[in-house]
Trainee: 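Mind looking over this structure? Questions follow.
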Number of protein chains: 2
Amino acid sequence: MSPAPARATRQRAAVADLLSRVDGFRSAQELHELLRDEGASVGLTTVYRHVQALAEAGQVDVLRHEDGEAVYRACGTGEHHHHLVCRDCGRSVEVEGPAVEAWTDDVAAQHGFIDVQHTLEIFGTCRNCAS
Amino acid sequence: MSPAPARATRQRAAVADLLSRVDGFRSAQELHELLRDEGASVGLTTVYRHVQALAEAGQVDVLRHEDGEAVYRACGTGEHHHHLVCRDCGRSVEVEGPAVEAWTDDVAAQHGFIDVQHTLEIFGTCRNCAS
DNA sequence: CGCTTCTTGGCAATGATTGTCAACATCGAA
DNA sequence: TTCGATGTTGACAATCATTGCCAAGAAGCG
């Protein structure tokens, strides 16, 4: 993989800005199309690079669709949190669950696991898409 | 995709048997190699078919590595449960968390989501691999 | 045993993601 | 502001898991 882009470029701004305006998880390919539609075209490879750089920097969250495609979304906080995602429109809500955090750490410790992390995502159909 | 295999064949048995003997999540490719090593060679395409059929039948659980590769594991019960997985050796422990189930349903309901599902996996390093 | 139907497996096709590299833009220095 | 070293871009090729395809082989039934 190429080095993570750090310089201020039009492409970097375009990707970050788009992510901040859109309110659900989007794939790199979708972001690429959206940018093209807006006229602020950015190469697909470049979209991948920025989206991954932002993910590593903790500024966007990544999760995977059932088919394995990676989807990204800008999140309000760098804090650890989870998502409630609409499986139709991709819209999502950030949620926190202190109790869950504690529970996972507990369970892991009980089984002698260290360096524990976890993933938790909730999928459903939102009010809009249900009608 | 082809129809799910239902007939009793050597290949079907080999895949199911291997999954029952191995105690961690394995990718289709790994299973394919393991079978080859055992002499009970099965075509890669066929491994994919059986592993997916078993997953649909609820007899194996599927999850995704960070790189998006799908990994499979035979599970003791058809009940809903989660996993504590060693990120080094793939060994895993089935865990249940009734409190978590309730919490996710709650959160989803509060936000007007219906048809709710969730994924929760815990990753860590197991005692063996830590040393 | 013979037939019908399902299963197998090698290979091509797909689709997301990553590697490559020449052309181009940025930013600090002069 | 201009120059140059260095970071970025993007078209294209390459990778890799997974799926589609289809002729040859096996299972189950009579």
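All chains are named by letter (A, B, ...) in the order of the sequence lines, taking the proteins before the strands, and each is independently numbered beginning at 1. This one's a predicted model, so the numbers in the text were calculated from it and none came from an experiment. As a basis for the values below, the full set of heavy atoms in this structure was taken, side chains included, without hydrogen atoms, waters or symmetry mates.
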Trainee: How many Å lie between CD on B:E33 and C1' on D:dA17, as a whole number?
Mentor: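 Going from CD in B:E33 over to C1' in D:dA17 covers 14 Å.
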Trainee: Can you tell me the distance, in whole Å, between the CG atom of B:D67 and the P atom of C:dG19?
Mentor: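 Between P of C:dG19 and CG of B:D67: 13 Å.
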Trainee: Starting from C1' on C:dG9, measure out to CG on B:L44 and report it in whole angstrom.
Mentor: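 The distance from CG of B:L44 to C1' of C:dG9 comes to 9 Å, rounded to the nearest Å.
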Trainee: Measure CD/B:E66 against C1'/C:dT17 and give the value in whole Å, please.
Mentor: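 Taking CD of B:E66 and C1' of C:dT17, I get 15 Å after rounding.
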Trainee: Would you compute the distance between atom CD of A:E30 and atom OH of A:Y72 and round it to the nearest 0.5 angstrom?
Mentor: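 So the gap between those two atoms works out to 12.0 Å.
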Trainee: Going only through I, L, V, M, F, W and Y residues with side-chain contacts under 4.5 Å, is there a path from A:V51 to A:L35?
Mentor: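 A:V51 and A:L35: one cluster.
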Trainee: Give a yes/no on whether any side-chain N or O of A:R10 is located under 4.0 angstrom from OP1 or OP2 of D:dG10.
Mentor: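 Indeed, a polar side-chain atom of A:R10 lies that close.
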Trainee: What is the separation between atom CZ on A:R26 and atom C1' on C:dT17, rounded to the nearest whole Å?
Mentor: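 For the pair A:R26 CZ and C:dT17 C1', the rounded distance is 20 Å.
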Trainee: On DNA chain C, check which nucleotide each of B:A6 and B:T45 is closest to and give me the residue with the more 5' one.
Mentor: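 Nearest-nucleotide comparison on DNA chain C picks B:A6.
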Trainee: Please confirm whether the shortest side-chain N or O distance from A:T9 to OP1 or OP2 of C:dA25 is below 4.0 Å.
Mentor: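 Result: no.
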Trainee: What integer distance in Å separates B:Q29:CD from D:dT15:C1'?
Mentor: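 So the CD-C1' distance, B:Q29 to D:dT15, works out to 12 Å.
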Trainee: Over all strands shown, is A:H32 touching base, sugar-phosphate only, or nothing at heavy-atom distances under 4.0 angstrom?
Mentor: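 Touches nothing.
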Trainee: Is the phosphate of C:dT7, meaning OP1 or OP2, less than 4.0 Å from a side-chain N or O of B:Q11?
Mentor: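 For C:dT7, OP1/OP2 do not have a side-chain N/O of B:Q11 under 4.0 Å.
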Trainee: Tell me the interatomic distance from A:E69, atom CD, to D:dA17, atom P, rounded to whole angstroms.
Mentor: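 The answer, rounded to whole Å, is 18 Å.
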Trainee: Output yes when at least one side-chain N/O atom of A:H50 is less than 4.0 Å from OP1 or OP2 of D:dT9, else no.
Mentor: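 So the side-chain polar atoms of A:H50 do come within 4.0 Å of the phosphate oxygens OP1 or OP2 of D:dT9, strictly under.
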Trainee: Report yes if at least one side-chain N or O of B:Q52 is closer than 4.0 Å to OP1 or OP2 of D:dT19; otherwise report no.
Mentor: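 Answer yes for this pair, as a side-chain N or O of B:Q52 is under 4.0 Å from OP1 or OP2.
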Trainee: Between the base of D:dT8 and the side chain of A:R7, is one N or O donor paired with an acceptor at under 3.5 angstrom?
Mentor: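 Absent.
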Trainee: Regarding D:dG10, can its base be found pairing with the side chain of A:R49 as donor and acceptor, where the two atoms are less than 3.5 Å apart?
Mentor: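 Donor-acceptor pair under 3.5 Å: yes.
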Trainee: Can you check whether B:V42 reaches B:H50 side chain to side chain, under 4.5 Å on heavy atoms?
Mentor: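 The answer is no, as the side chains (C-beta and beyond) never meet within the 4.5 Å cut-off.
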Trainee: Report whether B:W103 and B:F113 are members of the same hydrophobic cluster (ILVMFWY, side-chain heavy atoms less than 4.5 Å apart, transitive linking).
Mentor: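 B:W103 clusters together with B:F113.
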Trainee: Would you kindly check whether a donor in the side chain of A:R12 faces an acceptor in the base of D:dG7, or vice versa, at under 3.5 angstrom?
Mentor: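 No pair found.
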Trainee: In terms of relative ring orientation, are B:H82 and B:H118 parallel, tilted or perpendicular, with 30° and 60° separating the classes?
Mentor: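 The arrangement is tilted - the two ring planes meet at 30° to 60°.
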Trainee: Grab the OH-P distance between A:Y48 and D:dT9 for me, whole Å please.
Mentor: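 Whole-Å distance recorded here is 16 Å.
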